[in-house]
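Residue numbers start from 1 in every chain, and the chains themselves are labelled A, B, ... in the order their sequence lines are given, proteins ahead of strands.
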Amino acid sequence: MRPAAFRTPEVGDDNPELRARLHAIWATEPGIKGWLGTTDHKEIGLRYIVTAFILLLVGGIEALVLRLQLAGPDLRLLTPDQYNQLFSTHGMTMIFLYASPILSGFSNYIWPLIFGSRDMAFPRLNAFSYWVYLGAAIFMYAGFLIGAGPNDGWFNYVPLAERDFNPGLNEDFYSLGMIFLGISTTVGAANFIVTFFKTRCPGMSINRVPIFAWGTLTASVANLVVIPSVSLAFFLLWMDRQFGTQFFRSPHGGQPLLWQHLFWIFGHPWVYAIVLPAMGMVSDALPVFCRRPLVAHTLVALATVAVMILGFGVWVHHMFATGLPGLALSFFSTASIVITVPSAVTVFAWVATIWLGRPVITTAFLFFASMIVLFVIGGVSGFMTASVPVDWQLTDTYFVVAHLHYVLIGINVFPVVGATYFWFPKMTGRLMDERLGRWNFWTMFLGFNLGFLPMHLTGLLGMPRRVYTYPEGMGWDTLNLITSIGSFLFAIGVLLFVINCRKSYRTGAVAGHNPWDAPTLEWTTPSPPPPYNFAVIPTVASRHPLWEDQLDESEGRSSWLRGMTLDQGKEALATTALDADPERILEMPQDSYAPFLLAVGLAILFTGMLLIKWIVIGLGGLACFAALLLWLWPRRDLREREPAPELLEPAHG
Amino acid sequence: MSATPLDYLTSAGARAAHIAPLTWFTLIVSVLVCLVIGILVWIGSRRFRASGGAEATTSVPVERGADGLPWIKWGLILSAIPLFVTLVWTMAALAQTAGPPANPALVLDVTSHQYWWEVTYNGALPSDRFSTANEIHIPVGVPVLVKLHGADVIHSFWVPKLAGKTDTIPGQNNVAWLQADAPGRYRGQCTEYCGLQHAKMAFEVVAEPRDAFERWRAAQLHTAPPPVTDVEKKGLAVVEYRCSLCHAVRGTRAASYYGPDLTHLMSRRLIASGALPNTPGSLAGWIQSPQQIKPGSGMPEQHLSGDDLSAVTAYLETLK
Amino acid sequence: MAERIISEPGQLPVGPIGRSGIGWWGVATLVASEAALFSYLLFSYFYVGASAQPAWLPEPDPKMWPSLPNTILLVASSFVAWFGEKGVEKGDRAQALIGFGGAFVMGAVFAAVQGYEWWTKTYGLGSSSYGSLYYTTTGFHLAHVVAGLIILASLFGWTAIDYFSPRRRISVSAGVLYWHFVDVVWLFVFTTYYVTPYLGFAK
């Protein structure tokens, strides 16, 4: 019988029998099919989070080794080559293999839950983006482990990255690995964008969307259009290195600065992409511990978008010393000063929320509140470098190293750790230990500041970046020692965080649905949520569904105990972009090997390119083709095609 | 030299002098902003002395609270002032410090290599041209134009006490300019990561009164004096046979410009691009085992016999 | 007591209907990303060309043969593909097959002619920055044409075995959208490499 093309969705009450049926439909398949083929956003999100945290630890150990080498002048713990590979790999790991994936992981897990939805818009694409991330991380670290890790810094300037000056495989691993990784980030961005606009539950009009979603959305829109720039840059570099092209080599008309433009057109929006989602986490979770809604929610959402838009127009501030004309310098300096304004809006909103609320100091609150201070420190050092003449002294010194660590650790790591304390109970069903959490917080906070606050002074005293050692008599010795000690203290703090996660996972206090009395939809589900998230599709009537009774501001009340059941298959709801009116019933895909197989095909393809072995490239290409065919073959259960005509009954009017 | 030779919070020349006050201003504004926000967050968080975990949180009821928009309004108004001042001051400082002088008193060429600085002085006649390495002499109190060239990868030319950084980019003609307003030695450093020995690619700018500068320049034009003692003669022979592969000593058969010109090696205070003092012991150590001091630099290990090494060092000591 | 609001919509479509469906949005984001890629390739051309020494262009007056007729062929293939999509919309299988098959053939001829044009050039991939940019940009485009040909062939095959109907044809819309993108991008590439020299760029 022809399956119905239109249907009025049944509306019912949440009940155990419905839940049992939905569970059977949505649960990940057992065994290897489920392990390799799961499309559950929660499982994928957790994989992202765990993998990213592991890479954070790896990158951190690399940093500790660097700090041992720099603890005093003229030390010989590392050779220059070892140091250069370590600092480059440290940067690559933290910026590409931790900072973005951790936010993708939290977004993946949380978004459908805050949207009142059953999954992301493209579940198989979601699985694919994780496998590619894992594959690219392994690919790049394979290079490092054989002594061919990246060695030209994370932004990899030419001509030093060209074969003439860098003959080993280091730059090939990095270039191809980054193109490989870019695929993951791009498809992830596409998934977030479509999910944001098409799968929010009824009633969640655009003004009711949590700021965390705005943060990841703006990051995703940016990533979608700027990752091709860096992927292209790395591809052109690989071509120069392996095929004798002349993109960046000046004797035959190439332009070394072309690399810098292509890289930073990506690089600057990227650094906003790795903090805006984390800022969104703070904007949504800090108010819970201030027992009031966020101040100026609409302005903060607009400021998030404004930062991202302005972020496209400042990339040249990484190139102020390259000999550009004065007009360009003036424009980009102005834009770089102006971009502090929308960021400041968010900071003021947070401070106002604390002052106009009733803050309760929990470990999560400590991480969120402290991040405001760290944000401002990182922000003002950035403001200093926005001024071109000042930047001509500050750039390429440890002042910038201090700046970038305050913005990355302050606006990414601290919120992420706070977000873990906040959402750990939802993900695992257990609360994290508060006492251990205080130790965790204070060691991380004091260690970080002990390590990196003096670094501003080190930079003002002229210590250049990326040096494997430094001479005595420059005035840097004591400062470097303090920084090294601080970084080890910080590392102990991170270790305490890991210990707390592990301990709480096993023996933490059991959390119910909503241990924090928080307002958003994820706190209506059991902890951890079932595979289908919501037994009935919620309808929201405000920004703070679970606070509506306490706030008593809206006419209606959100509903999550009665709503559309969408239980005639693996079903979810698509809604309109602005008003979130129901628009379509989506048939969601079953677990599938195709995303994993495509990732494996790509890995083979990139390995072939690394070794310039055409047969391997060919095999990889064929494997990709087969996997894509398996994935995109029109499926009846997804309503991409009709059953064959002879199977149809005559149509009944 | 000062205890912090590479700091730029104080300046010694006109170009850097336009930058240092703005640096201080933005630094002070920044510190004040951090203190204000820090104090606000600290006091704001602790007002109710409420601390704990899930129970502590849920025991406090949720309330809308007062309108927070004035916070944002006033925050933006107050922030706009230092931002605007910085913007205007930046444009002014940029105008004063960027443009190369219309009439420089001296023009010289600096070419950056992995990992040393080639400095070339031209004159009215081709015969007035000479090259030296890693030590730049300039007359005090006048603007000096430095034309920058990149021989291999991108480096950056930086003398913090005198000016901000300018990159040297292969295929591109960048210029920097310097003016030292007090005589002295000012340390410089490569500040664009350029490979294995980026860390040890320093140089010095020596600013001296005009007549002392002219004396220095005239002396640099002289070719090397002939060796006197037998040991020095033997040293010259080794230099012409071995060192000539990469180095030049004008007036001898050593005439390669792959590495630094050694004709007046002894006139320089430091060797190995600022890594070592120019003493006989350091010089001998550098010649014999450069890879122990700067692994990855362009000069290979020499494996000279003890006699040869002493001879070479003795000869080089005559190159004043 | 405030009223609980429960969304109870009427009839909703189940899955994609016609060209409306979530999959279309996915392809649209892919197209946006790829369009960005080509804009960076063209940016590279303009940046390098503007910074270049005189006589950077190996052909100051680029030959219009065979690239102009080839361009017209490719643009025409978009109309033919559209014709095929209309066939699916009407339930006319023959029209759909002619459309997808025709567009495939025209695209394949375009690719072959492009390869021939490469063979006639006097400069190579590594000759100069111009050569590197020209072959890489047209090469990227050619790769996208090949991907488009595979998509058209798949649409042809799936149509031949009666997969699609006026109601269920989201794969067709997505695939033909991709083909249109490939053709529009070519217009930008063609203008950049073959037309801007006549307007004085890099001369």
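- Of the two parts of B:Gln114, only the side chain, counted from C-beta on, holds a non-hydrogen atom closer than 4.5 Å to a non-hydrogen atom of chain A.
- With a 4.5 Å cut-off on non-hydrogen atoms, B:Asp152 touches chain A through its backbone and its side chain both.
- The structure places CG of A:Leu460 at 8.5 Å from CG of B:Asp7, a figure rounded to the nearest 0.5 Å.
- Heavy-atom distances place no part of A:Tyr421 under 4.5 Å from chain B, backbone and side chain included.
- Nearest heavy atoms, B:Arg46 versus A:Ile361: CG-CD1, 4.2 Å.
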**OP:** Take A:Thr340 and B:Ser79, measure what side-chain contact (heavy atoms from CB on, under 4.5 Å) needs, and give me the verdict at the end.
**Re:** CA-CA 9 Å; A:Thr340 56; B:Ser79 317; over 6 Å; no
Original post:
For B:Met91 and A:Ser333, what are the C-alpha separation, side-chain angles and deciding distance, and is it a side-chain contact (heavy atoms from CB on, under 4.5 Å)?
Top reply: CA-CA 9 Å; B:Met91 296 302 138; A:Ser333 188; 4.3 Å; yes
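- Neither the backbone nor the side chain of A:Asp164 comes within contact range of chain B; no heavy atoms are under 4.5 Å apart.
- With a 6.0 Å cutoff to the six-membered ring centre and a 45° limit on the axis angle, B:Arg64 does not count as a cation-pi contact of A:Trp547.
- For B:Ile293, the part lying under 4.5 angstrom from a heavy atom of chain A is the backbone only.
- One finds the NE2 atom of B:His198 at 10.0 Å from the OH atom of A:Tyr83 (value rounded to the nearest 0.5 Å).
- Other residues, nucleotides and ligands contribute more than 12 heavy atoms inside 6.0 Å of the CZ atom of B:Phe48.
- Using a 4.5 Å cut-off between heavy atoms, A:Leu394 contacts chain B through both its backbone and its side chain.
- Considering every non-hydrogen atom in both B:Gly68 and A:Leu356, the closest pair reads CA-CD1, 3.4 Å.
- The shortest non-hydrogen separation linking A:Phe348 to B:Gly75 is CE1-C, 3.2 Å.
- Looking at A:Arg291, its side chain never comes within 3.5 Å of a backbone N or O of B:Pro61 through a donor-acceptor pair.
- The nearest pair of heavy atoms linking B:Tyr193 to A:Asn151 is OH-O, 2.7 Å.
- For B:Glu63, the CD atom sits in a loose shell: 12 or fewer heavy atoms of surrounding residues, nucleotides or ligands are nearer than 6.0 Å.
- Contact annotation for B:Tyr8: both backbone and side-chain heavy atoms come within less than 4.5 Å of a heavy atom of chain A.
- When the candidates A:Glu553, A:His456, A:Arg249 are compared by the number of heavy-atom contacts under 4.5 Å with chain B, A:Glu553 comes out ahead.
- With hydrogens and angles ignored, the 3.5 Å screen pairs no side-chain donor or acceptor of A:Glu434 with any backbone N or O of B:Gly53.
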**OP:** Evaluate side-chain contact (heavy atoms from CB on, under 4.5 Å) for B:Thr86 paired with A:Ile337, printing each intermediate quantity in order.
**Re:** CA-CA 8 Å; B:Thr86 304; A:Ile337 292 175; 4.2 Å; yes
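- Of the atoms belonging to B:Ala163, it is backbone heavy atoms, and not side-chain ones, that fall under 4.5 Å from chain A.
- Distance alone, capped at 3.5 Å, is enough to place a donor-acceptor pair between the B:Lys165 side chain and the A:Trp392 backbone.
- Only the side chain of A:Gln260 comes within less than 4.5 Å of a heavy atom in chain B; its backbone stays farther off.
- The part of B:Arg15 that comes within reach of chain A is its side chain, from C-beta onward, which places non-hydrogen atoms under 4.5 angstrom from that chain.
- Contact annotation for B:Gln172: only side-chain heavy atoms (C-beta onward) come within less than 4.5 Å of a heavy atom of chain A.
- Proximity of a side-chain donor or acceptor of A:Arg292 to a complementary backbone N or O of B:Ala66 within less than 3.5 Å is detected.
- Comparing B:Val29, B:Asp67, B:Thr90, B:Asn173 by how many heavy-atom pairs each has under 4.5 Å with chain A, the most go to B:Thr90.
- Options B:Leu69, B:Thr191, B:Thr23, B:Leu196 differ in how many heavy-atom pairs under 4.5 Å they form with chain A, and the most are formed by B:Leu196.
- Closest non-hydrogen pair, B:Ser45 versus A:Ile354, comes out as N-CG2, 3.8 Å.
- Within the 4.5 angstrom heavy-atom criterion, no atom of A:Phe368 approaches chain B.
- Residue B:Cys34 forms a side-chain contact (heavy atoms from CB on, under 4.5 Å) with just one option from A:Val373, A:Ile377, A:Leu374, and that option is A:Ile377.
- Note: B:Val62 leads B:Leu148, B:Val153, B:Val62 in heavy-atom pairs under 4.5 Å with chain A.
- Using a 4.5 Å cut-off between heavy atoms, A:Tyr468 touches chain B through backbone and side chain atoms alike.
- Interface residue B:Ile169: only side-chain heavy atoms are found under 4.5 Å from chain A.
- A donor-acceptor pair under 3.5 Å links the side-chain atoms of A:Trp355 to the main chain of B:Leu40, judged by distance alone.
- A:Thr362 touches chain B through backbone and side chain together, each having a heavy atom under 4.5 Å away.
- A distance-only check finds a donor-acceptor pair linking the side chain of B:Asn174 to the backbone of A:Thr322 [under 3.5 Å].
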Subject >> Intermediate values then yes/no, side-chain contact (heavy atoms from CB on, under 4.5 Å), B:Leu83 and A:Val341 >> reply: CA-CA 9 Å; B:Leu83 283 178; A:Val341 174; 3.9 Å; yes
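- Heavy atoms closer than 4.5 Å to chain B are found in the side chain of A:Arg76, but not in its backbone.
- Heavy-atom contacts from other residues, nucleotides or ligands closer than 6.0 Å to CD1 of B:Ile77 number more than 12.
- Atoms OG and CG, from B:Ser51 and A:Leu366 in turn, are 7.5 Å apart once rounded to the nearest 0.5 Å.
- Taking all atoms of both residues into account, the shortest heavy-atom contact from A:Pro515 to B:Ala54 is O-CB, 3.4 Å.
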